[in-house]
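Just so you know, residue 1 is the first one in the sequence shown, and it goes up from there. Counting starts at 1 for both ligands and their atoms, in listed order.
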Amino acid sequence: MSPAIASSNPLPYTTSLSGENLRRLHRFDAIKSVVNSTVRSHPLNAVQPRPIDSLRRGDWVKLICGASFEDAADIRNLSLVYSLAGVDCIDCAADESVVNAVNDGIDAAMNIGSVERPWVMISVNDDKEDLHFRKAEFDPEDCPLDCSRPCEKVCPANAILLENSSSTGNHSLGSSDALGRLQGGVVTERCYGCGRCFPVCPFDKISAKTYIRDPAATSELLKRNDVDAIEIHTTGRHIHLFNELWESLGDSIKHVKLVAVSMPDVGKSTFTTMSEMYKIMESRLIGYNLWQLDGRPMSGDIGRGATREAIDFAMRLAALPNRPHAGWWDKFAHNR
Ligand code: SF4
Ligand code: SF4
């Protein structure tokens with residue numbers, strides 16, 4: 001598995017469709033207050049280790065907020081709590097408001113306890129095939145009113161919120177029948193593309209909308225002094241797309257301390273592909289280089305057998321007769 005922990009499900013989320021933002025702001029204050037009083041009664045007495053030391057020791061822990069999860073309020077809360085817990089890194093979407101939320105959470109944690117600032121990592125992709133970069137979408141008005149709404153129940157992020165306009169008395173959409181119609185749908189900023197809702201819809205109404213993070217906006221984020229690392233998600237099957245992304249990022253890549261590449265098992269060509277990518281990156285790779293080889297993307301979310309696959313992948317890599325010699329591998333893994 002990658003040296004990371006999957007994000008816990010976002011914090012419990014109770015909502016109606018109105019007044020939500022205000023309630024979330026109040027909740028951040030409430031969480032800060034609870035954490036503050038907990039820390040006062042159980043003081044944090046040790047400064048956490050530096051992220052790079054954790055990487056070298058093999059106990060690096062990363063909070064994955066989700067490459068597509070963009071709910072700033074929950075991201076701020078998660079960043080606050082996990083910073084206090086001592087994570088080495090917080091991985092989030094390459095989006096300005098998300099990065100701001102992560103840093104707000106970290107700042108709040110540092111005001112509460114003596115913790116080492118975790119690195120902030122932003123996640124980008126080089127093509128639309130990586131499952132991290134998609135959102136579910138459907139038109140609720142297309143849904144049969146008598147649907148039992150399994151999509152709502154299965155979503156781990158509470159990203160699907162539906163209500164019947166007849167029960168709310170809201171007929172603003174122009175419904176003329178007494179039964180009303182469904183309103184709401186996917187809360188885009190909360191959907192992180194896990195895919196659980198797609199197969200459960202009995203009417204096949206849900207589709208995936210894929211996207212690529214804008215390299216120009218990403219470059220601007222990389223130049224900020226509160227962004228420390230980037231994770232490039234690639235399928236490993238289109239080197240030219242990896243090259244295009246790398247070129248688009250230009251010298252902004254020199255601002256980060258670590259470049260991680262997340263790549264699935266691409267069979268026999270895995271090492272060749274990694275070598276080609278490394279050659280592309282080498283001249284502008286100032287910081288550390290980390291490879292996140294989960295075996296398959298979204299391994300914490302989709303399907304059974306991800307751990308077995310990851311172990312099989314690791315064993316295959318280790319058994320390769322032409323794998324890089326130790327010195328090269330050390331440079332490969334820890335280039336700075
Ligand atoms: S893909 Fe579906 S189940 Fe997964 S987070 Fe998005 S809306 Fe929820
Ligand atoms: S399960 Fe399908 S039809 Fe039913 S509410 Fe969800 S998207 Fe609509």
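Relative to atom 4 (Fe) of ligand 2, the option among C147, A136, C155 with the closest non-hydrogen atom is C147. Residue nearest to atom 6 (Fe) of ligand 1, selected from P156, A208, C191: C191 (by heavy-atom distance).
In the displayed structure, K279 atom NZ is contacted under 6.0 Å by at most 12 heavy atoms of other residues, nucleotides or ligands.
Ring pair H233/H132 is tilted by interplanar angle, where 30° to 60° counts as tilted. Using the six-membered ring where Trp is involved, H238 and H240 have ring planes that are perpendicular, over 60° apart on the 30 and 60° scheme.
In this structure, atom 5 (S) of ligand 1 lies nearest to the protein heavy atom Y192 N, 3.6 Å. Of the protein's heavy atoms, C201 SG, 2.3 Å lies nearest to atom 2 (Fe) of ligand 2. Among all non-hydrogen protein atoms, the one lying nearest atom 1 (S) of ligand 1 is G195 N, 3.3 Å.
With respect to the salt-bridge test (charged N to carboxylate O, under 4.0 angstrom), the residues K135 and E70 qualify. For K254 and D251, the salt-bridge test passes: some basic side-chain N is under 4.0 Å from an acidic carboxylate O. Ion pairing of R284 with E247 is present here, as a side-chain N (NZ or NE/NH1/NH2) and a carboxylate O approach within less than 4.0 Å.
For I160, every heavy-atom contact with ligand 1 shorter than 4.0 Å involves the side chain, none the backbone.
Residue contacts with ligand 2: P202 is included, with a non-hydrogen atom under 4.0 Å away.
Coordination check, C143 versus atom 8 (Fe) of ligand 2: passed, since an N/O/S atom of the residue sits under 2.8 Å. Taking backbone and side-chain atoms together, C151 has an N/O/S atom less than 2.8 Å away from atom 6 (Fe) of ligand 2.
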